[in-house]
Amino acid sequence: MADTPSLTDAEVADAAASLEDATPEAILGWAAARFAPRLGFATGFGVEGCVLVDLIGRHGLAVDVFTLDTGVLFPETYGLWGRLEDRYGVTIRGVRPAQSLAQQAAAHGDALWEREPDACCRLRKVEPLAEAARGFDAWTSAIRRDQTPDRAGARVVERDAKFGIVKINPLVRWTSDDVWRHVRAHDVPYNALHDQGYPSIGCAPCTSPVAAGEDPRAGRWRNSAKTECGLHDRPSALRVAP
Ligand code: SF4
């Protein structure tokens, strides 16, 4: 967490108001001009994240792109990681947990995600993200307002409720249709699992396909009350990555 806010709350509110109707490119351009080199983007390789990597890569924006490599991502996700780097000539850093999977199993037992998914997300996602956050004044997320009730109140620029730094949400006004139109228009690489019934993709042990008519995020932590990793906690309700 930054010791001194890079923007005051009033400046955050002003930026949110002035950028509310701006395009994602313009929002990212503003953020890069204002915060680089202390501007990050943690992508979980959801389709929205691929759109942001496309914009960052094609516009040559100075954004430190990284991913939380929990060690249990789908093979298709690891493949997409390499395809995006090759396509856009960018490096997507892998931020890894303090403990390997074997060390975590030795300390907490096998398959912690089955017994205590909140603890597993804390160890493999939230704590590594908190460590990464220390290097940034601001970071970008790929959330959309229509994804969850929690996200409906997201602003284009806001204070990250959990980490204190400035959070930039260039896609908040977009719908899923907007995202897929952009993917098709620019031939953006995306996860092959999206075409196999997985609209929302996280770690392999905690993601299942959804049936027609189900909520797009119904396959995340299925049969559990858990709906978020804790990466996009909002002030009103602390609660993942797209
Ligand atoms: S999504 Fe599942 S496997 Fe991944 S960190 Fe969270 S609990 Fe662990």
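Just follow the structure's listing: the first ligand is 1, and inside any ligand the first atom is 1.
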>> Whether the N169 and S141 side chains hold a donor-acceptor pair (N or O, under 3.5 Å, no angle test) is what I'd like checked.
In response: yes
>> I want to check something: taking the side chain as every heavy atom from C-beta on, are L68 and R124 in contact at a cut-off of under 4.5 Å?
In response: no
> For atom 8 (Fe) of ligand 1, how many protein N, O or S atoms lie at less than 2.8 Å?
Replying inline: 1
>> Would you call the rings of W30 and F35 parallel, tilted or perpendicular, taking 30° and 60° as the class edges?
In response: perpendicular
>> Is the distance between the ring centroids of W139 and F41 under 6.0 Å?
In response: no
> Is it the case that N191 and T77 place a side-chain donor and acceptor less than 3.5 Å from each other?
Replying inline: yes
> Taking the six-membered ring for Trp, are Y198 and F74 ring centroids under 6.0 Å apart?
Replying inline: yes
